[in-house]
Amino acid sequence: MQKQTTDVPITLKVNGVDHSLNVNSEHTLLEVLRDDLGLTGTKRGCEDGTCGTCTVKMDGAMARACRVSLQRATGRDITTIESLGTADELHPLQEAFIEADAVQCGFCTPGMLMAAKSLLDRNSHPSRDQIVRALGSNLCRCTGYTSIIDAVDRAANANGNGLPPAKPTPWEPRWRTDATDKALGRAEYAADLMMPEMLHAAVLRSPHAHAELVSVDTSRAEALPGVQTVVTAKDVPGLNRFGRSLKDQPVLADDKVRQIGDAVAAVAADSPEIAAQALSLISVDYRVLPSILNPADGLKPDAPQIHEKGNILVENDYSWGDAGAGLDEADFVIDHTYNTPWCEQAYLEPEAALAYMDDDQVVIKTATQHSFLHRETVAETMNLPEDKVRIVPTVIGGAFGGKTDVSCQSIVALLALKTNRPVKIVYTRAESFATTPKRHPFQIRCRTGVTKDGKLTSLDAEMLVDTGAYASAGPGLFMRAGVSITGPYYFPNASIRGKSVYTNNTLAGAMRGFGAPQVAFAIESQMDLMAAKLGIDPLEFRMMNRRGATSKDV
Ligand code: FES
């Protein structure tokens with residue numbers, strides 16, 4: 001049962017202004033800043049003090065706002081990104097970040113700037129090592145850090161000699177059009193959006209990887225004061241299935257759940273706390289089924305069936321020449337099996353959306369990499385014509401493929417349609433990790449044949465891919481992996497086979513590279529092993545076998 005919360009008084013100074021507030025007793029300093037004072041420049045990334053997006057200064061020292069309780073925050077002097085500079089007068093750090101291209105998605109930028117400010121306040125001439133150490137606990141998923149360290153270095157030099165920051169190039173710098181807003185902390189990400197009368201959404205998720213849904217009782221949640229609506233699968237007015245390639249994922253689970261974190265019910269309430277409390281009042285009766293946690297088990301004849309059509313999502317078989325004969329004619333055959341793991345995109349901005357009605361059109365402002373897919377999906381699942389759905393992409397705090405798929409958009413649209421009020425949803429970090437697509441894990445057995453003088457004769461490859469509970473981009477990705485596995489090398493004979501299999505793991509989808517990194521790891525490792533076997537330099541061996549070097553097939 002969610003703990004009952006009460007409002008408590010707090011006084012604190014923020015950016016030089018004294019505040020006396022009544023705030024929810026469970027709030028941290030981060031919520032006081034963002035929700036009670038509307039200072040959304042400080043970002044919520046991980047909620048456990050790891051990522052650094054909520055870095056502020058507290059009594060002159062760096063602090064993670066999400067880890068500062070009300071008791072600790074009371075009476076303190078807080079400085080946030082909003083006090084650093086203005087559009088007319090950027091702080092030298094902000095200017096340097098923009099000029100050094102240290103602002104990309106920008107979600108880490110306010111926290112980075114406050115950490116850098118804290119360093120320069122203590123030490124106006126830090127060494128590069130000191131900069132690296134000072135920013136070491138602030139994560140950035142876009143820049144690779146070098147440009148950020150360059151920017152702090154540049155601003156520190158400007159501090160020391162009184163000169164403006166050096167221009168990075170002899171030509172006119174081309175600043176990103178949104179870099180200034182991001183550096184000022186005023187770029188609006190979906191979680192920063194507010195509207196009058198706005199409700200807050202929360203989603204009840206399955207704790208089981210595979211289970212039949214016997215019953216869902218929402219009556220106690222509906223009776224909780226402050227709850228405006230509770231929805232389940234029966235409330236989805238259109239097709240309760242969606243997906244990038246196959247429509248196999250429910251908006252809200254109906255017959256069963258197929259992965260931990262499948263959405264079962266959703267609530268819209270007057271506050272995030274009431275929404276969370278309402279979730280704890282929903283009773284769900286599951287009949288737990290055996291789950292499949294790896295694709296090999298999914299192929300066994302007696303394996304439980306995850307989807308009605310069976311456990312194989314897609315099966316491919318490409319070949320040319322005669323792979324078996326090519327291996328026979330080789331002087332050496334290298335036979336090795338490679339495994340690549342799941343990989344989470346770990347963008348710093350969790351999924352979020354705000355939906356509201358504009359006359360008879362539902363508008364969804366959201367972080368998306370594929371607004372047209374999102375419009376099509378919301379329209380189909382809500383049984384609306386596409387021109388009654390408008391997707392407005394917000395500034396996006398990293399995605400790396402992971403925000404191509406629909407996540408919260410249909411659910412928040414459904415809640416807005418039901419209540420006729422604006423509804424905002426913001427995933428927790430745990431929800432984001434548990435329910436959104438990851439990079440597909442591959443098992444790849446490769447047999448490659450090569451002659452004594454270093455000529456490739458054949459590739460025989462077998463791939464087994466875990467697509468998780470749903471298809472997402474699985475078929476297209478699997479096809480690309482199949483055609484990428486030869487790399488840039490010429491194999492006169494090849495047989496490339498594989499299966500992508502449903503399991504009860506988190507669904508897999510797009511993640512930087514779309515199937516190619518997994519097979520590149522396998523084939524490049526084979527090239528190294530063959531070169532070592534022959535005693536040939538690995539680069540020379542690759543040049544000998546590149547497309548165009550050994551055939552007219554370029
Ligand atoms: Fe740092 Fe995107 S710019 S996380």
Side-chain angles (χ1 to χ4, degrees), residues 30 34 40-56 62 64-66 80-81 84-85 90-91 93-119 131-155 168 173-192 343-352 366-369 393-404 426-429 432-433 436 439 510-513:
L30 179 61
R34 288 180 56 83
T40 54
T42 303
K43 302 301 178 196
R44 180 188 283 115
C46 69
E47 302 146 71
D48 75 354
T50 303
C51 74
T53 60
C54 66
T55 304
V56 296
M62 200 169 93
R64 301 278 203 244
C66 74
T80 71
I81 185 70
L84 201 59
L90 291 170
H91 185 278
L93 272 168
Q94 291 168 316
E95 204 161 278
F97 265 61
I98 295 166
E99 289 191 345
D101 205 15
V103 183
Q104 291 189 23
C105 86
F107 204 76
C108 72
T109 304
M112 283 285 182
L113 282 164
M114 294 311 291
K117 172 80 165 62
S118 178
L119 169 67
I131 297 170
V132 170
R133 273 202 298 278
L135 302 183
S137 53
N138 283 60
L139 303 182
C140 176
R141 293 285 292 133
C142 305
T143 62
Y145 298 99
T146 304
S147 57
I148 292 175
I149 295 159
D150 286 348
V152 180
D153 208 358
R154 183 177 302 170
R174 301 259 179 242
W175 289 5
R176 288 172 190 263
T177 53
D178 54 2
T180 301
D181 280 345
K182 289 173 175 174
L184 288 166
R186 68 183 191 186
E188 283 195 319
Y189 297 82
D192 302 334
C343 184
E344 157 68 37
Q345 296 87 347
Y347 30 80
L348 292 188
E349 179 207 21
E351 291 72 7
T366 189
T368 170
Q369 288 181 279
T394 55
V395 178
I396 188 165
F400 321 124
K403 289 175 184 164
T404 321
V426 182
Y427 276 14
T428 63
R429 176 56 57 184
S432 177
F433 277 176
T436 58
R439 173 175 283 157
M511 158 69 189
R512 284 183 168 170

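Keep in mind that the numbers below use all heavy atoms, side chains included, and drop hydrogens, waters and symmetry copies. Whatever order the structure lists them in is the order used to number ligands and atoms, beginning at 1.
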Looking only at non-hydrogen atoms, find the nearest pair between Q345 and R141 and report the distance. O-NH2, 2.5 Å
Identify the residue among T53, T109, T55 that makes a side-chain hydrogen bond (donor to acceptor under 3.5 Å, both in side chains) with N138. T55
List for me each residue that meets side chain to side chain contact (heavy atoms under 4.5 Å, CB included) alongside Y145, sequence neighbours excluded, and say none if there are none. M112, L139, C140, I149
Show all protein N/O/S atoms under 2.8 Å from atom 2 (Fe) of ligand 1, or state that there are none. C105 SG, C142 SG
Derivation of the salt bridge (Lys or Arg N to Asp or Glu O under 4.0 Å) call for K43 and D192: CA-CA 9 Å; K43 302 301 178 196; D192 302 334; 2.6 Å; yes
Are side-chain N/O atoms of R429 and T50 paired as donor and acceptor at under 3.5 Å? no
Non-hydrogen atoms of T394 and A367 that approach each other most closely: OG1-N, 3.3 Å
